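Residue numbers run from 1 in the order of the sequence given. None of the values given here were measured: they were computed from a predicted structure. Atoms within a ligand are numbered from 1 in the order they appear, just like the ligands themselves.
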Amino acid sequence: MIRNFAEVMTIARERGPKIVSVACAEDVEVLMAVNEAKKEGIADAILVGNQEKIAAIAAEKNIDLNQFEVIDIKDMTAASRKAVELVSSGKAHMVMKGLVDTSIILKAVLDGEIGLRTGNVLSHVSVFDVNGYDRLFFVSDAAMNIAPDLQAKKQITENVVQVAHALDIEEPKVAVICAKEKANPKMPDTMDAAALQEMNEKGELKGCLVGGPFALDNAVSVEAAKIKGIDHPVAGYADILLAPDIEAGNVLYKSMVYFAGAKNAGIIIGAKAPIVLTSRADSEESKLYSIALGVLCAAKLF
Ligand SMILES: CCCC(=O)SCCNC(=O)CCNC(=O)[C@H](O)C(C)(C)COP(=O)(O)OP(=O)(O)OC[C@H]1O[C@@H](n2cnc3c(N)ncnc32)[C@H](O)[C@@H]1OP(=O)(O)O
């Protein structure tokens, strides 16, 4: 069972290297992360984007561009489509978002012709290493599905459980996060949470233990769960925090990074290959960990 990003990096070195195609690679943190991934033997890269800007950053940061193939495409939509097409045509194992809006790269991923759709729901998984905790936290979905219904939430759960399995967490504990721990018909997300727990109990959602609804405190604090008298094996011990919608998921993601100083990584799963996807404002370290997470998933799930 992998418990932190140091272990993620160790296993990525064993399971790599994989080839990552980077969409709009003209970004300092992305190029430094890709360079580090190459040095670590985790990943090789094909850089798609504005060659002039890529070269200027490389010169400033002492990155040897000769070690990478560079494809000069300045338009962001065209560069995203090319990076995705490199994966669908088998030239790369995974695609990575560079300096481009999330919806532009996701539209390329969803494209019927060159995209990476499988028929399943695609969803974002963020992984956090938070000080003071002995395990990684997985949050889904902070970046792709805007307002998932119950069926979509079931598939989002299956996707994030797969990522946990790729990190050798055999039966991850999934807490379906809401504003309270009792189902209330006036709060539809609490009803979905109870339904997801029931699906898990009936064996319709496998490979994990699901509990909900839970407020965030009851999901991650044994003490808080005790005070509220919650008797469920997930209470206080959650690995996976399933957000009710993109707003809650994204706020949780950014709170982890900015308030808790968490280390983080992000990936889209459910497609034909992993899609490395972090916030443009995330650090070089976070981008490197995301590549490593992509390598672990590419090696284990595809
Ligand atoms: C966390 C760090 C990074 C961030 O902070 S990201 C910030 C916030 N994120 C975003 O802005 C992205 C939010 N999502 C979106 O913008 C859109 O949902 C997204 C992903 C671009 C898709 O939008 P559109 O291209 O307008 O797509 P659409 O809804 O018209 O659907 C087109 C076809 O794609 C399919 N589709 C959409 N989402 C899917 C999914 N999750 N999994 C599988 N298939 C999906 C959809 O069914 C449709 O299929 P078809 O063409 O009808 O066969």
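- Around atom CD of Glu170, no more than 12 heavy atoms belonging to other residues, nucleotides or ligands sit under 6.0 Å away.
- Heavy atoms from other residues, nucleotides or ligands lying under 6.0 Å from NZ of Lys38 number more than 12.
- For Asn120, every heavy-atom contact with ligand 1 shorter than 4.0 Å involves the backbone, none the side chain.
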Starting from the C-alpha separation in whole Å, work towards a yes-or-no answer on side chain to side chain donor-acceptor pair (under 3.5 Å) for Asn159 and Ser123. CA-CA 7 Å; Asn159 286 348; Ser123 52; 2.8 Å; yes
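- Val109 and Ile114 fall within a single hydrophobic cluster, where Ile, Leu, Val, Met, Phe, Trp and Tyr are joined by side-chain heavy atoms under 4.5 Å apart, directly or via other members.
- The parts of Met144 lying near ligand 1 are both backbone and side chain, judged by heavy-atom distances below 4.0 Å.
- Using modelled atom types and a 3.5 Å distance limit, the side chains of Lys97 and Thr102 yield a donor-acceptor pair.
- With hydrogens left out, the protein atom closest to atom 6 (S) of ligand 1 is Thr102 OG1, 3.3 Å, a heavy atom.
- The closest side-chain heavy-atom distance from Val8 to Leu167 is below 4.5 Å.
- Looking at Gly115, Ser286, Ala143, Ala108 and measuring to atom 9 (N) of ligand 1, the nearest heavy atom belongs to Ala143.
- Contact annotation for atom 49 (O) of ligand 1: protein present (non-hydrogen atoms, distance under 4.0 Å).
- Glu26 and Asn50 form no side-chain donor-acceptor contact under 3.5 Å, judged by distance and modelled atom types alone.
- Among protein heavy atoms, atom 42 (N) of ligand 1 sits closest to Leu122 N, 2.8 Å.
- Using 4.0 Å as the threshold, Asp101 has no heavy atom nearer than that to any atom of ligand 1.
- Of all protein heavy atoms, the one lying nearest to atom 1 (C) of ligand 1 is Tyr253 CE1, 3.5 Å.
- Side-chain atoms of Ser89 come within 3.5 Å of backbone atoms of Glu85 as a donor-acceptor pair (strictly under, hydrogens ignored).
- Heavy-atom minimum distance, His232 versus Gly211: CE1-CA, 3.6 Å.
- Closer than 4.0 Å to atom 45 (C) of ligand 1 lies at least one heavy atom of the protein.
- In this structure, atom 16 (O) of ligand 1 lies nearest to the protein heavy atom Ser103 CB, 3.7 Å.
- Shown in contact with Asn250 at under 4.0 Å from a heavy atom are these atoms of ligand 1, numbered in order with element: 1 (C), 4 (C), 5 (O), 7 (C).
- For atom 11 (O) of ligand 1, the nearest protein heavy atom lies 4.0 Å or farther away.
- Interface atoms of ligand 1 facing Lys254, defined by a heavy-atom separation under 4.0 Å, are 5 (O).
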Stepwise side chain to side chain donor-acceptor pair (under 3.5 Å) test for Asp44 and Gln67: CA-CA 9 Å; Asp44 209 334; Gln67 59 188 330; over 6 Å; no
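- For ligand 1, the atoms closer than 4.0 angstrom to any heavy atom of Lys107 are 24 (P), 25 (O), 26 (O).
- Ile104 and Val276 are members of different hydrophobic clusters when ILVMFWY side chains are connected at heavy-atom separations under 4.5 Å.
- Per-atom contact check: atom 27 (O) of ligand 1 does not touch the protein, criterion being a heavy-atom distance below 4.0 Å.
- Heavy-atom contacts of Val121 reach the following atoms of ligand 1: 42 (N), 43 (C) (cutoff under 4.0 Å).
- Of the protein's heavy atoms, none falls inside 4.0 Å of atom 52 (O) of ligand 1.
- Taking atom 2 (C) of ligand 1 as the reference point, the nearest protein heavy-atom neighbour is Ser279 N, 3.7 Å.
- Only side-chain heavy atoms of Leu110 come within less than 4.0 Å of ligand 1; its backbone N, CA, C and O stay farther off.
- Within 6.0 Å of atom CG in Asp231, 12 or fewer heavy atoms from other residues, nucleotides or ligands are found, so the atom counts as exposed in its surroundings.
- With respect to atom 34 (O) of ligand 1, the closest heavy atom belonging to the protein is Arg117 NH1, 3.5 Å.
- Close contacts between ligand 1 and Asn145 involve ligand atoms 41 (N) [criterion: under 4.0 Å to a heavy atom].
- Considering Phe138, Phe5, Tyr253, Tyr133 as possible partners of Phe128, the one that fulfils the ring-ring contact (aromatic ring centres under 6.0 Å, His included) test is Tyr253.
- In terms of hydrophobic clustering, with Ile, Leu, Val, Met, Phe, Trp and Tyr side chains grouped at heavy-atom distances under 4.5 Å, Val139 and Ile156 are assigned to different clusters.
- Heavy atoms of Arg280 come nearer than 4.0 angstrom to ligand 1 in no pair at all.
- For Ile146, every heavy-atom contact with ligand 1 shorter than 4.0 Å involves the side chain, none the backbone.
- Under the 4.0 Å distance rule, the nearest protein heavy atom to atom 36 (N) of ligand 1 falls inside the cut-off.
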